[in-house]
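Treat the numbers as computed from the prediction; the structure is a model and nothing was measured.
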Amino acid sequence: SFFDVYPRDFPNIYGCFCEGGIITGKVSANANLMIDKKQIDIFKDGRFIYAFGRKYKDDVELKINNKSKFFKVINKEYKIENIKGLPQKKVDPSQEDLKKIITDQKKIKNSKKIGLREKIFKEKFILPAKGRKSGVYGSQRILNSKPRKPHAGIDIAAKEGTPVVAPSDGKVKLVANNMFFTGNTIIIDHGIGLISIFAHLKDIKVEENQLVNQGDFIGSIGMTGRATGPHLHWGVYLENTSVDPMVLLEYDLY
């Protein structure tokens with residue numbers, strides 16, 4: 001699945017070489033690491049992290065100190081999801097609503113910037129809530145018959161008030177009520193650029209800058225924001241690149 005040039009010089013790499021996937025590993029602190037010709041940050045203890053996003057080409061080049069190795073990237077097919085019954089103002093916002101959306105998006109964009117420069121997340125994540133998986137990562141969304149952006153996360157449908165827990169250790173980066181699309185929202189910083197976003201909550205039980213451990217109660221499922229029924233939207237990002245949360249449940253990230 002890959003072409004070796006100098007395999008002994010390469011670290012163990014963990015995660016998934018796949019669309020929506022994420023990889024981590026360790027190199028020497030002074031190493032020069034390039035992934036597909038992009039300079040990659042080296043964090044505390046020589047740790048690095050990289051996300052592929054929803055669409056990626058067939059392979060990826062890792063270059064450490066000018067020695068290369070090529071890995072195959074697994075491509076995925078994405079389903080089309082037709083969602084009907086949303087309030088029309090949540091699909092075609094007014095000018096006044098657009099001002100609110102822009103303010104909300106600035107808060108979320110700021111939360112995606114690298115904060116903690118050390119890894120604090122566990123090797124494996126856990127599901128943040130029990131329920132039926134009603135939405136998958138990467139699907140093309142058609143809302144009230146209008147095509148919209150692909151889904152950047154998973155949805156878990158359950159009764160209002162169902163507990164939501166931290167899927168891994170982290171620091172609460174944002175607590176926001178009544179966002180236009182995401183409703184009551186929490187963002188947790190898991191370190192080295194990796195964040196989780198929890199949307200449509202009924203209640204929020206944490207505060208900004210609070211440290212949380214995997215499994216800690218952070219809020220409850222609701223249907224605030226753009227939602228047709230009670231569910232949790234769980235999204236994961238590495239800075240601005242979306243990650244399939246299911247990858248974090250299935251693959252170790254040492």
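Other members of the hydrophobic cluster containing Ile80, listed by chain and number, are Ile142; membership follows side-chain contacts under 4.5 Å among ILVMFWY residues, whether direct or relayed. Members clustered with Met223: none, using a 4.5 Å side-chain heavy-atom cutoff among hydrophobic residues. Leu116 shares a hydrophobic cluster with Ile120; the chain of contacts runs through ILVMFWY side chains whose heavy atoms sit under 4.5 Å apart.
Residues passing the side chain to side chain donor-acceptor pair (under 3.5 Å) test with Asn213: none are found, sequence neighbours excluded. Residues satisfying the salt bridge (charged side-chain N to carboxylate O under 4.0 Å, His left out) test with Lys76, not counting sequence neighbours, are Asp244. Every residue meeting the salt bridge (charged side-chain N to carboxylate O under 4.0 Å, His left out) condition with Asp97, not counting sequence neighbours, appears here in chain and number order: Lys89. The salt bridge (charged side-chain N to carboxylate O under 4.0 Å, His left out) test applied to Glu207 returns no partner, not counting sequence neighbours. Taking Asp104 as the reference, Lys100, Met179, Phe180 meet the side-chain contact (heavy atoms from CB on, under 4.5 Å) condition, with sequence neighbours excluded. The salt bridge (charged side-chain N to carboxylate O under 4.0 Å, His left out) check on Glu250 picks up nothing, with sequence neighbours excluded.
Under the ring-ring contact (aromatic ring centres under 6.0 Å, His included) criterion, no residue pair touches residues 83-116, with sequence neighbours excluded.
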Which pairs of donor and acceptor atoms, one on a side chain in residues 51-64, lie under 3.5 Å apart (sequence neighbours left out)?
unit_1 : atom_1 : unit_2 : atom_2 : d
Arg54  : NE     : Gly138 : O      : 2.6
Arg54  : NH2    : Gly138 : O      : 2.8
Tyr56  : OH     : Asp36  : OD2    : 2.5
Tyr56  : OH     : Tyr50  : OH     : 2.7
Lys57  : NZ     : Asp36  : OD1    : 3.3
Lys57  : NZ     : Asp36  : OD2    : 3.1
Lys57  : NZ     : Asp59  : O      : 2.8
Glu61  : OE2    : Ser68  : OG     : 2.7

When the side chains of residues 195-205 are checked against the rest of the protein, which donor-acceptor pairs come out under 3.5 Å, sequence neighbours left out?
unit_1 : atom_1 : unit_2 : atom_2 : d
Ser196 : OG     : His190 : NE2    : 2.8
Ser196 : OG     : Trp234 : NE1    : 3.0
His200 : ND1    : Thr224 : O      : 2.7
Asp203 : OD2    : Ser220 : OG     : 3.1

